[in-house]
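Reviewing the structure listed below.
Because only heavy atoms are used, hydrogens play no part in the values below, and waters and symmetry mates are left out as well, while side chains stay in. Just follow the structure's listing: the first ligand is 1, and inside any ligand the first atom is 1.
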Amino acid sequence: MDFVFTPEQERFRAEIREFLEKEIPPEFRRKPENNWIRGFCPELSRKLGQKGWIGLAWPKKYGGQEKSYMDRLVLTEELVCSGAPVFSHWFGDRQVGPAILAHGTEEQKQKFLTGITRGEIQFGVGMSEPEAGSDLASLQLRAIEEGDHFTINGQKVWTSGIHNAHYIYMVARTDPDTPKHRGISELVVDVNLPGITIRPLKDMTGEYDLNEVFFDNVKAPLDSLIGEKNHGWYQIAEQLDFERSGVERLMSNYPLLRDTVEYVRKAGLNKVDWIRRKLAQLEAEFEVGRLLVYRVAWMLSQGKVPNYEAAMAKGYGTAFEQRLSNAITQILGMYGQIADDSEDIPLIGRAVSAYLYCPAYTLQGGTSEILKGIVATRGLGLPTK
Ligand SMILES: Cc1cc2nc3c(=O)[nH]c(=O)nc-3n(C[C@H](O)[C@H](O)[C@H](O)COP(=O)(O)OP(=O)(O)OC[C@H]3O[C@@H](n4cnc5c(N)ncnc54)[C@H](O)[C@@H]3O)c2cc1C
């Protein structure tokens, strides 16, 4: 592994920074944390698409640039650290596009990949159900082939941003009569089809980006199927590696860390021993996490499959994000508990939002316990039973 970025990658980083400096709308600069999943701004995604910065590693014939995963890492690091509101293309770029690239038909690639790279098509991801989270193979939502369509019945839950999306990329049971890991397929379904109802779920920060999605006799065309019917379980494993391994699992609160360090300096709190030590420790932990994330990008760029490495990076990164929110809340003292949006409060209540949101990190994209299981079995070779 080479720890140094190439001069071209450094130039690319500078170009992205300059672009974002100009293009991030002011309303998203005020509270930049978690904007990869909470910042919905299709206009910015379209501008990034025009630059060729969505689907960066994909083939040129689908709008990609055929750049390496290390180049993509440089891009995503800048997007997340600057708080760019990129949710409208994030799922498409991160995991749906690669899934379609790996398993889709030529027509699906032309339609969806070019739409994603232009920043014009938005996706939600429908995996979890009320009785199927960690144990995803227990999913009950059915998509039964009937003539020229699938008839879909069932429910998804915790579906981030689906209320702003055009399509739901989902897993469904297409053969209810086989053992649970078989008979599952991947589908991409238009969320505007009759019979789909989206119901909002507010989290404890008071904001809204999660949903329940209900399917009541929805008729989706047969070309909604991605890859081989009843083979979805074997297709999604790789897609989950993409979901878990990105910089967003470590850097969602990076702007808060950066601005806290500045606040601490200005307020003279850097003379307080425990605060100085806490920030130094966080900085060291952050750099460790960064190397774990870099390793995954490097492996992808070498065509390797990073399944336990992605689990390690996500497990470490999300636990770090929780320690970070906790520490900053302590450092700010009483101010760290005020959720008010007022300019009179240091960091305008951002620490409270980060603190209240941070339990989600070790759940979304696979819980820490599940990730530890992957590291134990696939990484360390421990027995499964
Ligand atoms: C903010 C947020 C956004 C999300 N966005 C999406 C989305 O867009 N699309 C989507 O499909 N889902 C989404 N999810 C759902 C997420 O993927 C699930 O919450 C997660 O997979 C866990 O499933 P569960 O909530 O059903 O918990 P469970 O699976 O019921 O787990 C409960 C507890 O038991 C533990 N546990 C379960 N099984 C084991 C085991 N085998 N060994 C050890 N411990 C175990 C878990 O670690 C956890 O602590 C989101 C969740 C959050 C919090």
Side-chain angles (χ1 to χ4, degrees), residues 33-40 87-96 99 122-141 154-173 180-181 184 186-189 191 198-215 232-233 236-237 239-244 246 248-249 252-253 310-311 314-315 317-319 321-322 325 353-378 382-385:
E33 288 74 48
N34 289 307
N35 270 347
W36 66 271
I37 193 163
R38 306 201 107 165
F40 181 71
F87 184 64
S88 100
H89 73 264
W90 200 258
F91 285 170
D93 181 64
R94 179 180 72 181
Q95 67 203 88
V96 180
Q122 283 108 51
F123 285 91
V125 171
M127 302 253 182
S128 308
E129 297 181 7
E131 299 304 325
S134 303
D135 184 14
L136 185 60
S138 294
L139 66 91
Q140 294 299 317
L141 180 138
Q155 185 196 341
K156 294 289 174 187
V157 71
W158 315 124
T159 323
S160 303
I162 195 68
H163 52 296
N164 284 318
H166 301 111
Y167 293 92
I168 180 165
Y169 161 82
M170 61 197 278
V171 279
R173 194 161 291 289
K180 69 177 189 179
H181 289 86
I184 289 175
E186 289 183 294
L187 303 172
V188 166
V189 174
V191 288
I198 296 172
R199 231 164 47 191
L201 291 169
K202 263 194 184 173
D203 67 35
M204 63 183 169
T205 65
E207 289 189 36
Y208 159 45
D209 47 29
L210 296 168
N211 299 276
E212 296 177 291
V213 189
F214 299 89
F215 297 78
W233 185 254
I236 59 176
Q239 193 255 122
L240 287 174
D241 294 338
F242 282 107
E243 174 171 354
R244 287 174 180 158
E248 69 274 24
R249 303 303 183 184
S252 294
N253 288 300
K314 197 225 167 216
T318 51
E321 295 262 32
Q322 291 178 342
S325 313
S353 303
Y355 186 80
L356 292 177
Y357 189 80
C358 75
Y361 296 133
T362 48
L363 297 170
Q364 59 191 168
T367 71
S368 295
E369 290 75 20
I370 295 302
L371 300 176
K372 282 177 190 163
I374 293 173
V375 174
T377 52
R378 295 184 217 163
L382 298 181
T384 47
K385 293 269 182 217

Determine, counting only non-hydrogen atoms of the protein, whether one lies under 4.0 angstrom from [atom].
{"atom": "atom 38 (N) of ligand 1", "value": "yes"}
{"atom": "atom 1 (C) of ligand 1", "value": "yes"}
{"atom": "atom 21 (O) of ligand 1", "value": "yes"}

Donor-acceptor contact below 3.5 Å, side chain [X] vs main chain [Y]:
{"X": "Glu131", "Y": "Glu129", "answer": "no"}
{"X": "Gln155", "Y": "Pro130", "answer": "no"}
{"X": "Arg173", "Y": "Ala137", "answer": "yes"}
{"X": "Asn211", "Y": "Thr159", "answer": "yes"}
{"X": "Lys314", "Y": "Gly366", "answer": "yes"}

Pair Phe123-Val188, side chain to side chain contact (heavy atoms under 4.5 Å, CB included): steps then yes or no: CA-CA 9 Å; Phe123 285 91; Val188 166; 3.7 Å; yes
Of the protein's non-hydrogen atoms, which lies at the shortest distance from [atom], and what is that distance?
{"atom": "atom 28 (P) of ligand 1", "value": "Ser134 OG, 3.6 Å"}
{"atom": "atom 52 (C) of ligand 1", "value": "Gln364 CB, 3.6 Å"}
{"atom": "atom 15 (C) of ligand 1", "value": "Ser128 OG, 3.2 Å"}
{"atom": "atom 41 (N) of ligand 1", "value": "Ile370 CD1, 3.7 Å"}
{"atom": "atom 44 (N) of ligand 1", "value": "Glu369 CB, 3.4 Å"}
{"atom": "atom 24 (P) of ligand 1", "value": "Gly133 CA, 4.0 Å"}
{"atom": "atom 50 (C) of ligand 1", "value": "Trp158 CB, 3.7 Å"}
{"atom": "atom 9 (N) of ligand 1", "value": "Val125 O, 2.7 Å"}

Minimal non-hydrogen separation, [X] against [Y], with atom names:
{"X": "Ile37", "Y": "Ser160", "result": "CD1-OG, 4.0 Å"}
{"X": "Val171", "Y": "Lys156", "result": "O-NZ, 2.8 Å"}
{"X": "Tyr169", "Y": "Ile236", "result": "OH-CG2, 3.9 Å"}

Can you sort out which atoms of ligand 1 are near [X], meaning under 4.0 Å from one of its heavy atoms?
{"X": "Met127", "value": "10 (C), 11 (O)"}
{"X": "Ala360", "value": "1 (C), 53 (C)"}
{"X": "Leu210", "value": "2 (C), 3 (C), 4 (C)"}

Nitrogen or oxygen atoms of Glu129 and ligand 1 under 3.5 Å apart: no
What distance separates Glu321 CD from Arg249 CZ, expressed to the nearest 0.5 Å? 10.0 Å
Given that the side chain starts at C-beta and the backbone is N, CA, C, O, which of these parts of Asp203 lies under 4.0 Å from ligand 1, counting heavy atoms, or is it both or neither? neither
Heavy-atom contacts under 4.0 Å between Tyr357 and ligand 1: side chain, backbone, both, or neither? side chain
Is the ring pair His181/Trp233 parallel, tilted or perpendicular, if the boundaries are 30 and 60 degrees? perpendicular
